[in-house]
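Protein chains get the first letters and strands the later ones, always in sequence-line order, with residue 1 at the start of each. Predicted, not measured: the structure shown is a model, and the values here were computed from it. Atoms considered below: every heavy atom in the structure, side chains included; atoms not considered: hydrogens, waters and symmetry mates.
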Protein chains: 2
Amino acid sequence: MKKKSISIFGVTGSVGSSTIELLRQRKDEFEVIALTCNKNIDLLLELSQEFQPQSIAVSDENFFLELKKRAGNNFKCFGGKEGLKEIANLHSDIVVASIVGLAGLSPLLCSIKNSSIIAIANKECIVAAGSLITESARKNNCQIIPIDSEHNAIFQILDGKPKKDISEIFLTASGGPFHGFDNKQLSKVTPSDAVKHPIWSMGKKISVDSATLMNKGLEIIEAHHLFGIESKKIKVIIHKQSIIHGLTLMNNGALFGYFGKPSMLNPIDHALSWPDCNNNDIDPISIEDLNGLSVESVSDEDYKSLQLSRYALDKGGFYPIFLNASNEIAVNAFLNNQIKFIDIPLVVEKVIEEIGHSGNKSLETMGSLDEIVSADNEARIKALEIIGLGF
Amino acid sequence: MKKKSISIFGVTGSVGSSTIELLRQRKDEFEVIALTCNKNIDLLLELSQEFQPQSIAVSDENFFLELKKRAGNNFKCFGGKEGLKEIANLHSDIVVASIVGLAGLSPLLCSIKNSSIIAIANKECIVAAGSLITESARKNNCQIIPIDSEHNAIFQILDGKPKKDISEIFLTASGGPFHGFDNKQLSKVTPSDAVKHPIWSMGKKISVDSATLMNKGLEIIEAHHLFGIESKKIKVIIHKQSIIHGLTLMNNGALFGYFGKPSMLNPIDHALSWPDCNNNDIDPISIEDLNGLSVESVSDEDYKSLQLSRYALDKGGFYPIFLNASNEIAVNAFLNNQIKFIDIPLVVEKVIEEIGHSGNKSLETMGSLDEIVSADNEARIKALEIIGLGF
């Protein structure tokens, strides 16, 4: 069997680590073309010794010379934004796109032209430039496969079913630690309360997004782009056990569900194997885990973050960029005790209100990726300004 | 849009009635070619007036002359076994095969040669002659679509997924009214206890099969033939709410489920529309119905009917016919207070033991359908003899 070639962008992060774990089990099947990291060149070099890629890159230019020196003649080394693009211009059968944030967008758009499959874990890029990404993928005959658990579950359920046959898709949310709290309770929660996620072990930022449900808001935008489904057909449900990863109701009344353990290994293994199904050793869910599951419909009215996300999606253009960027700043301010938990969506709302009117442009008429980056910056500055004025 | 032509075998039964209900909603899409009934010619004529088929037939020859007289020149009339075969020789895009029992086998095998899709609700035929049916369907490029809720759910989940990728399929059983009873309790249950099925409203025979789990035993055999999956990969689970109709675990760890209300309309509508997905008006399941579901693995050791079914499937040939026929006699004897509930599988076991050795032949080397019918008769006679000798 011919080996599949693979490049991993962001190999030292959590998605990268899970991918590496799977590649270790499937060494005969894959040839690693390139690996990249943000700053962690120690781990990058260690993994490069193990997997012998042709090329490696570090995003942060400050580490480039050290990387080059330590790599010697073993690997072609690249650094900074341009370095990532060089890597993205190499042909790979599969690219794992797990760079965090908009820094991943430029290499992602290159990768789409040079690979058959993109396993994507970069939420910000799809939120900010979903239509650019899916349009380019269509033109370049590149298959985008989401590897976050919710969208991967929906992808696996749909499995080529035409989108016209879909009545509703349901994104499951654990609800976070504050589900059911009233406004008074919410106004008192602290950063340390917020980062105690009940099921998934996650970073602080995403734990807060999980508690505000902004994470689901962003996922609604993602799902819209990935599956071509209108916002009103994308519902959010609270499901505390994190066993159901996705549900899809078809127009003929069939409700399909995808169940699995809360692990990144399954979706990544799916993407690495697609369109085949790999007979893997990942411990599957037990049928008994389905006992006593709870599901609860979520009304947009109860979560400002969902309202704002749908609004941004409906408006289109740069609005989702404003949404995502201002949310990042607001979450950070909350984690630094500058604003309250309940202020997070208020900051986002204010940013969208204030710069939405003047700053919004259509992605289609956009001149360059730089405009996305400026829109992102503009929203961050506006958010900082709003927070600075006091809440 | 060109109308699809359809014939319904057994139109006056419960599957026939549900099919008619759907056809009433979709009159523009279907042209009814033929309708058949067993004895109920009043209803057959009424439905024929409404749907204007070219041909109609009554299985019971005693009703043929009356049917012919009352039909006048409006419809071509047929009667008896040969009459059903005449109907099955007409070309239809879709045939709904819902004749009860082995009487359906001969017309079914003709229909496979003359139609593109068979929506099948005849369990006995698949159990008795599964390999003949699937082999003939393959040769004649006819798609068999099961319309009992469990197999239809699995069919919809699999949706063309290769069988090599399937790790396990789970058939859901309500468990019937005696689930959890010990042997002492079971020895005392009466026919009227047995026919109180908790969820589905069903006939007496199938209610008893549901309580013994022989219904699932027969469904294991069906699933084996319909999906080409080995017995050991087909599991039974008790699921009291009858909301999950099927579950499939793939080799990559993905567990897919199909949820729906306990109604025949969904699977029949699916089969009538396949490969398209009909945007129907059938009230779908609510997401909240997924709350607090229970599932429980079933061990074959706890149910003799499951052991016997797997044994018959492994042996192949006429064994499943012996199983099904002797079970019918035993259930009938229980309903007539001749044997106890716990004796039902014992009768089946004895019949298989006594005639299995001498009477078993391979379906592949079988001369004619008559041999299936004789095997079926032989098992019935043996069962009656065993019951007559006393339990």
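For B:Lys235, no part lies under 4.5 angstrom from a heavy atom of chain A. Within the 4.5 angstrom heavy-atom criterion, only side-chain atoms of B:Ile237, from C-beta onward, approach chain A. For A:Ile287, the parts lying near chain B are the backbone and the side chain together; criterion is any non-hydrogen pair under 4.5 Å. Residue B:Leu265: no heavy atom, backbone or side chain, is found under 4.5 Å from chain A. Of the two parts of B:Leu249, only the side chain, counted from C-beta on, holds a non-hydrogen atom closer than 4.5 Å to a non-hydrogen atom of chain A.
Each of B:Gly292, B:Ser286, B:Pro162 has some count of heavy-atom pairs under 4.5 Å with chain A, and the biggest count is that of B:Gly292. The greatest number of non-hydrogen atom pairs below 4.5 Å with chain A, out of B:Leu247, B:Ile282, B:Asp269, is found for B:Leu247. When A:Ile244, A:Val295, A:Ile157 are compared by the number of non-hydrogen pairs under 4.5 Å with chain B, A:Val295 comes out ahead.
Although no hydrogens or angles enter the test, the distance criterion places no donor-acceptor pair under 3.5 Å between the side chain of A:Asn278 and the main chain of B:Asn252. Looking only at distances, a side-chain donor or acceptor of B:Glu288 sits under 3.5 Å from a matching main-chain atom of A:Ser297.
For the atom pair CG (A:Asn251) and OG (B:Ser273), the distance works out to 11.0 Å, reported to the nearest 0.5 Å. With values rounded to the nearest 0.5 angstrom, B:Asn291 atom CG is found 8.5 Å from A:Leu293 atom CG. Atom CG of residue B:Asn279 and atom OG of residue A:Ser167 lie 7.5 Å apart, to the nearest 0.5 angstrom. Between A:Gln156 atom CD and B:Leu255 atom CG the span is 11.0 Å, to the nearest 0.5 Å. Expressed to the nearest 0.5 Å, how far CG of A:Asn280 lies from CE of B:Met250 amounts to 11.5 Å.
Within a 6.0 Å sphere centred on NZ of A:Lys27, other residues, nucleotides and ligands contribute more than 12 heavy atoms. In the displayed structure, B:Asn141 atom CG is contacted under 6.0 Å by at most 12 heavy atoms of other residues, nucleotides or ligands. The number of heavy atoms from other shown groups lying within 6.0 Å of CG (B:Asp159) is above 12. More than 12 heavy atoms of other shown residues, nucleotides or ligands fall within 6.0 angstrom of atom NZ in B:Lys164.
Taking every heavy atom of both residues into account, A:Pro284 and B:Gly253 meet most closely at CB-CA, 4.4 Å. The two residues B:Ala254 and A:Tyr258 come nearest to each other via the heavy atoms CB-CE1, 3.3 Å.
At a threshold of 4.5 Å between non-hydrogen side-chain atoms, the residues B:Asp165 and A:Asp276 do not count as touching.
Aromatic pair B:Phe256/A:Phe256: ring centres not closer than 6.0 Å.
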